[in-house]
Amino acid sequence: MLTEQQIELAHPEAFDFAFGTLPTAEGVTFIRHLTGCRHCRAVVDEYSEIGGIIKNLPPGTEPPADLEDRTVAAMTAALAGHKAEPGKHPDAAEHDTEDRAVTRIYPKPERKPPAERETQVLPVPQPGPSEDPEPRPEVTHLPVRRRHRSRLVAVVAAAAAIVIAAIVVPLSLTSGPATPAQATVVIPLHATAAAKVFGTGAATARATARQAGESWTFDLTVHGLKPLPGNDIYECWWAGPGSASRHPLLVTGGSFVVGKSGSATLTMATGVDPRQFRTMEITAESPGNGALRGPVLLIGQTL
């Protein structure tokens, strides 16, 4: 945990960088600034995890303005089976259609002689041993729940759709996008020629970086290093494309020390993407202004 005095020594852009609010153009300049400012690096390391959480918060959203109109229109379309005739009950047209399915009226052909005879209405022939005409049977209208079963199903379906929309739409507006699978990269490191001169020519290391929101955490395991005197430390760096000794493009990944065994396993964090800053370097540093000054002892690139 940084003290208030340590935070005051950092530039304000350090918090914007950690929280992801620093414009891209200023971000490139600030990354270069990080290589020489240990106060800003400390703030970025301290708050990068919180910044990743803030960046992943879903934006505030409102339901579509026409959601209510579209829902009502969907219900109206489901309920409107057909247009009712003027002067009749809304279901009268359907009643008539179904009534005719039970008893159909066939007009008897008109005979001119005698002229006074009118068209006779004959009932539909009924199956049975006798073909004699029978009185027209009385039509019994089925209950609504049986007669309009298909329309009741449509109404229930529309109501269910509204209930589902009332539940699912708010959830979809607040839950945000699905969290993608975490990316993982591996960086094997090997000793440099300078390491042999430094007495750590057999040193090796391996880093496994995992994406944590907009930031990355990485587990680093080193072997074959030697304890450093005084307050000297080993520093981990991420080098960007085109980085060179005269024009370095570096971002610190953290510092560490080793005991007599020469081995250590530790977890550190960085605000840069190791898929872009693909080179990792480990140097031996003495207290100073935070810039790289010591020899590169281990180096490797993401697989």
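For the numbers below, each heavy atom of this structure counts, side chains included, while hydrogens, waters and symmetry mates do not. None of the values given here were measured: they were computed from a predicted structure.
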Min side-chain heavy-atom separation [X]-[Y] under 4.5 Å:
{"X": "Ile282", "Y": "Leu189", "answer": "yes"}
{"X": "Cys40", "Y": "His33", "answer": "yes"}
{"X": "Ser215", "Y": "Glu49", "answer": "no"}
{"X": "Gln276", "Y": "Pro241", "answer": "no"}
{"X": "Glu281", "Y": "Leu250", "answer": "yes"}
{"X": "Met268", "Y": "Leu266", "answer": "yes"}
{"X": "Pro274", "Y": "Trp238", "answer": "yes"}

For the residue pair Lys226 and Phe198, would you count it as a cation-pi contact if the rule is NZ or CZ under 6.0 angstrom from the ring centre and within 45 degrees of the ring axis?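 Yes; both conditions hold, so Lys226 lies above the ring face of Phe198.
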[X]: salt bridge (charged side-chain N to carboxylate O under 4.0 Å, His left out) partners, not counting sequence neighbours:
{"X": "Asp232", "value": "none"}
{"X": "Arg206", "value": "none"}
{"X": "Asp273", "value": "Arg275"}

Please test Val257 against Tyr234 for side chain to side chain contact (heavy atoms under 4.5 Å, CB included), starting from the C-alpha separation and ending with a verdict. CA-CA 6 Å; Val257 295; Tyr234 289 105; 5.6 Å; no
Return the CG to CG distance between Leu34 and Asp45, rounded to the nearest 0.5 Å.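 One gets 8.5 Å once the value is rounded to the nearest 0.5 Å.
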Excluding sequence neighbours, so at least two apart, what forms ring-ring contact (aromatic ring centres under 6.0 Å, His included) with Phe15?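 Result, ring-ring contact (aromatic ring centres under 6.0 Å, His included) vs Phe15: Tyr47.
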Taking Thr3 for its side chain and Gln6 for its backbone only, find out whether a donor-acceptor pair lies under 3.5 Å.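 Checked: pair present.
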Exam field: side chain Glu8 to backbone Gln5, donor-acceptor pair closer than 3.5 Å: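 Checked: no pair found.
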Tell me, which pairs form a side chain to side chain donor-acceptor pair (under 3.5 Å) where one or both residues lie in residues 251-263, sequence neighbours left out?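 Residue pairs passing side chain to side chain donor-acceptor pair (under 3.5 Å), neighbours aside: His223-Ser263, Glu235-Thr252.
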When clusters are formed by joining ILVMFWY residues with side-chain heavy atoms under 4.5 Å apart, either directly or through shared neighbours, do Val186 and Val222 land in the same one?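 Shared cluster, no.
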Is it possible for you to say whether Ile7 and Leu9 belong to one hydrophobic cluster, with membership spreading through side-chain heavy-atom contacts below 4.5 Å?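 Different clusters.
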Could you pull out every donor-acceptor pair under 3.5 Å between side chains of residues 295-303 and any protein atom, sequence neighbours left out?
residue: Gln301; atom: NE2; partner: Thr279; partner atom: OG1; Å: 3.1
residue: Thr302; atom: OG1; partner: Arg278; partner atom: NE; Å: 3.1

For the student: nearest non-hydrogen atoms of [X] and [Y], plus distance:
{"X": "Leu2", "Y": "Ala42", "value": "CD1-O, 3.7 Å"}
{"X": "Ile187", "Y": "Ala209", "value": "CD1-CB, 4.4 Å"}
{"X": "Ala14", "Y": "Val43", "value": "CB-CG1, 3.8 Å"}
{"X": "Phe218", "Y": "Gly253", "value": "CZ-O, 3.5 Å"}

Counting only heavy atoms not in Glu46, do more than 12 fall under 6.0 Å of its CD?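 Counting other residues, nucleotides and ligands, CD of Glu46 exceeds 12 neighbours.
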Stepwise, does the side chain to side chain contact (heavy atoms under 4.5 Å, CB included) test hold for Ser243 with Phe277? CA-CA 10 Å; Ser243 178; Phe277 282 65; over 6 Å; no
Using side chain to side chain contact (heavy atoms under 4.5 Å, CB included) as the criterion, point out the one residue from Val185, Thr184, Val272 that pairs with Trp216.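 The side chain to side chain contact (heavy atoms under 4.5 Å, CB included) with Trp216 is passed solely by Val185 among Val185, Thr184, Val272.
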For the side chain to side chain contact (heavy atoms under 4.5 Å, CB included) test, which of Ile233, Thr265, Leu220 pairs with Phe256?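 Of Ile233, Thr265, Leu220, side chain to side chain contact (heavy atoms under 4.5 Å, CB included) with Phe256 is met by Leu220 alone.
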Do Glu285 and Thr283 have side-chain N/O donor and acceptor atoms under 3.5 Å apart?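 Result is yes, a qualifying pair exists.
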After noting the C-alpha distance and the side-chain angles of His11 and Cys37, does the key distance pass the side chain to side chain contact (heavy atoms under 4.5 Å, CB included) rule? CA-CA 9 Å; His11 292 75; Cys37 181; 4.2 Å; yes
Measure up the Phe17 and Phe30 rings against each other and bin them: parallel (under 30°), tilted (30 to 60°), perpendicular (over 60°).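 Answer is tilted, since the angle falls between 30° and 60°.
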